[in-house]
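Written below as structure tokens is the structure these notes are about.
The chains referred to below are lettered A, B, ... by the order of the sequence lines, with proteins before strands, and numbering in each begins at 1. Worth knowing before you read on, the calculation uses all heavy atoms, side chains too, and leaves out hydrogens, waters and symmetry mates.
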Protein chains: 2
Amino acid sequence: MNTVIQYLLKEQRLRNTRFRQAILQTLDHQASPISAPDLLRKLQISGYSINKTTVYREMDILLAKGLVEEVRFNEDVRRYELKSAHHHHLICQTCQKIEEIAFAHDLSDKEAEILATKKFKVLKHSLEFFGLCESCQKKCK
Amino acid sequence: MNTVIQYLLKEQRLRNTRFRQAILQTLDHQASPISAPDLLRKLQISGYSINKTTVYREMDILLAKGLVEEVRFNEDVRRYELKSAHHHHLICQTCQKIEEIAFAHDLSDKEAEILATKKFKVLKHSLEFFGLCESCQKKCK
DNA sequence: TTGACAAATGCAACTAAGTTGCATAATAAT
DNA sequence: ATTATTATGCAACTTAGTTGCATTTGTCAA
């Protein structure tokens with residue numbers, strides 16, 4: 001299995017279980033953030049007889065250890081992605097396709113301004129764009 | 001009751017019912033976005049014997065008619081606020097206090113860039129800041 | 001290698017948000 | 001007042017997420 005993942009587990013003192021491996025592998029191969037229910041289904045289809053409690057608890061652990069990041073779009077579910085470079089998303093409101101964007105836009109000046117004027121210490125932010133992807137724009141014409 | 005609300009209802013051809021009035025008044029007096037369950041509780045405490053189905057359906061209607069806006073923080077509930085000037089929020093991760101910020105930051109250049117490079121037409125965005133409010137910063141020291 | 005301890009897992013029962021179908025009540029226009 | 005339309009209540013439902021407790025599994029030291 002992925003040696004980077006192996007290393008991260010060692011570093012965080014997390015046991016190297018088959019489910020944890022499978023979850024991290026799946027997240028790694030994922031092009032966009034996935035929800036716990038989707039992850040569960042995906043793993044079960046792949047032959048793992050894993051329980052939903054395990055998936056939810058695992059996401060909590062990985063979040064706490066800083067291996068994954070939680071994002072939330074305009075949905076009733078939380079989504080997760082491996083923590084890497086901080087990025088944002090384009091969410092199509094028609095076909096629900098989610099695309100990541102490497103975002104050059106820097107908000108640290110803004111966050112400094114918020115601290116100065118509002119005395120609020122920003123620890124993280126979320127910035128997501130909702131609209132129409134290229135193919136859905138064409139369909140709507 | 002508020003004549004602005006009255007006017008909006010006329011304009012949108014929405015019936016002027018006591019529940020709709022109460023919901024709009026409540027939203028109007030709200031300093032930050034409120035969830036449907038909270039809104040329901042608030043109305044019931046105020047003496048309205050209103051059903052949760054009504055509240056949920058009402059929010060759908062007001063959303064569709066463009067009278068309210070839906071926002072979502074890192075929670076399992078949707079929140080609603082009267083649609084006015086577009087603004088963003090500071091959400092304290094310790095005491096959960098939510099503050100609105102009138103945000104001078106303009107993202108339309110960014111959205112134009114996204115259209116040009118990604119062919120994605122942005123219809124709306126969400127930008128929220130999570131961190132520590134002034135008093136929680138002091139407590140954590 | 002083995003034994004012991006801590007971490008991981010399954011199961012069942014639970015909470016809470018949000019939805020739906022259908023019957024009834026209230027509103028607005030004529 | 002009559003009528004068509006919209007709003008509402010109720011009950012039953014779906015789904016995400018949580019919790020307590022019993023059991024299994026991984027890790028590490030002896």
Side-chain angles (χ1 to χ4, degrees), chain A residues 1 5-27 33-44 46-65 67-68 70-80 96, chain B residues 1 5-27 33-44 46-65 67-68 70-80 96:
Chain A
M1 77 167 292
I5 289 177
Q6 204 110 33
Y7 170 76
L8 284 172
L9 293 183
K10 273 273 177 196
E11 195 184 42
Q12 298 296 331
R13 291 170 222 279
L14 290 174
R15 286 187 183 169
N16 195 354
T17 68
R18 65 209 161 103
F19 291 149
R20 180 162 290 148
Q21 277 179 34
I23 287 172
L24 286 168
Q25 294 281 14
T26 307
L27 290 175
I34 189 173
S35 67
D38 283 348
L39 184 55
L40 176 64
R41 272 184 288 273
K42 204 158 204 172
L43 289 168
Q44 285 173 338
S46 301
Y48 293 94
S49 86
I50 184 174
N51 189 274
K52 75 168 177 169
T53 311
T54 305
V55 173
Y56 279 106
R57 278 200 277 239
E58 192 56 32
M59 300 327 289
D60 286 346
I61 293 169
L62 296 178
L63 261 180
K65 294 291 188 179
L67 296 190
V68 306
E70 186 182 295
V71 291
R72 206 184 261 274
F73 305 137
N74 251 321
E75 303 172 307
D76 290 330
V77 289
R78 311 168 196 176
R79 288 175 177 267
Y80 303 90
Q96 315 305 326
Chain B
M1 79 169 289
I5 290 177
Q6 203 112 34
Y7 170 77
L8 285 171
L9 294 182
K10 272 275 177 196
E11 194 184 43
Q12 297 297 332
R13 289 171 226 277
L14 290 174
R15 286 187 183 168
N16 194 354
T17 68
R18 65 211 160 105
F19 291 150
R20 180 162 291 146
Q21 278 179 31
I23 287 172
L24 287 169
Q25 292 281 14
T26 307
L27 290 175
I34 189 173
S35 67
D38 282 349
L39 184 54
L40 176 63
R41 272 185 288 273
K42 203 157 203 171
L43 290 168
Q44 285 173 339
S46 301
Y48 293 94
S49 86
I50 184 174
N51 190 273
K52 74 167 177 172
T53 312
T54 305
V55 173
Y56 280 107
R57 277 199 279 239
E58 192 57 33
M59 300 326 290
D60 286 345
I61 292 170
L62 296 177
L63 261 179
K65 294 291 187 175
L67 296 192
V68 305
E70 186 182 295
V71 291
R72 208 185 261 272
F73 306 137
N74 251 320
E75 304 172 305
D76 291 329
V77 289
R78 311 168 197 174
R79 288 176 178 266
Y80 304 91
Q96 317 304 327

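- Considering only residues two or more places apart in sequence or on other chains, A/T53 meets the side-chain hydrogen bond (donor to acceptor under 3.5 Å, both in side chains) condition with A/N51.
- Nearest-nucleotide positions on DNA chain D place B/L14 closer to the 5' end than the other of B/D76 and B/L14.
- Within the nucleic acid shown, A/T53 comes within 4.0 Å of at least one base atom, counting heavy atoms only.
- Applying the 3.5 Å distance criterion, the base of C/dA8 shares no donor-acceptor pair with the side chain of A/R20.
- Each of A/R57 and A/K52 was assigned the nucleotide of DNA chain C with the nearest heavy atom; the assignment lying further toward the 5' end belongs to A/R57.
- Side chains of B/L62 and B/L14 form a contact here, defined as non-hydrogen atoms less than 4.5 Å apart.
- Contacts between chain A and DNA chain D, taken as any atom within less than 4.0 angstrom of a protein heavy atom, begin and end at D/dA16 to D/dT27.
- Protein atom CE of A/M59 is 13 Å distant from nucleotide atom P of C/dT9, rounded to whole Å.
- Checking the phosphate oxygens (OP1, OP2) of C/dA8, no side-chain nitrogen or oxygen of A/T17 falls inside 4.0 Å.
- Between B/R13 and A/D60, the residue whose closest nucleotide on DNA chain D is further toward the 5' end is B/R13.
- Residue contacts for A/R78: at a heavy-atom cut-off of 4.0 Å it reaches the sugar-phosphate backbone alone, with no base atom in range.
- The interatomic distance linking B/R18 (CZ) with C/dA26 (C1') rounds to 9 Å, in whole Å.
- One axis for each end of the helix from C/dT1-D/dA30 to C/dT30-D/dA1, each built from five base pairs, and the angle between them comes to 30° at 10° resolution.
- Atom pair A/R15:CZ and C/dT9:C1' shows a separation of 11 Å (rounding to whole Å applied).
- Rounded to whole Å, the distance from CZ on A/F19 to P on C/dA7 is 19 Å.
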